[in-house]
Amino acid sequence: MTSTLVGVETAAQLDEQIAALDLQLTPAEELELNRLYTPSDVINDHNVNRIPRMVRPPPAAQEEVNA
């Protein structure tokens with residue numbers, strides 16, 4: 001899911017928020033942003049038998065895995 005919270009006090013801030021909709025990240029930038037993201041699983045995070053989450057490899061290592 002992708003969403004944004006918009007809270008502005010001026011028209012200029014709103015313009016900046018709207019301009020951000022056109023931002024395009026490279027695949028490497030997306031991978032780096034998502035690499036350290038750990039989803040929150042409210043139920044599973046409190047389960048002692050849960051499967052531990054793994055940190056994704058950095059972009060260079062990821063490219064080697066995909067090769």
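Worth knowing before you read on, the calculation uses all heavy atoms, side chains too, and leaves out hydrogens, waters and symmetry mates.
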Q: Please name all residues satisfying side-chain hydrogen bond (donor to acceptor under 3.5 Å, both in side chains) with E32, sequence neighbours left out, ordered by chain then number.
A: R35

Q) Got a sec, which residues hit side-chain hydrogen bond (donor to acceptor under 3.5 Å, both in side chains) with T10, two or more places apart in sequence or on another chain? A) none

**Q.** Residue pairs involving residues 8-22 (criterion salt bridge (charged side-chain N to carboxylate O under 4.0 Å, His left out); sequence neighbours excluded)
**A.** none

Q.
How close do Q24 and E29 get, counting heavy atoms only, and between which atoms?
A. O-OE1, 4.3 Å

(Q) Minimum heavy-atom separation for V8 and Q17, please, with both atom names. (A) CG1-CG, 4.0 Å

Q: Check side chain to side chain contact (heavy atoms under 4.5 Å, CB included) between L23 and all other residues, then give those that pass, not counting sequence neighbours.
A: L25

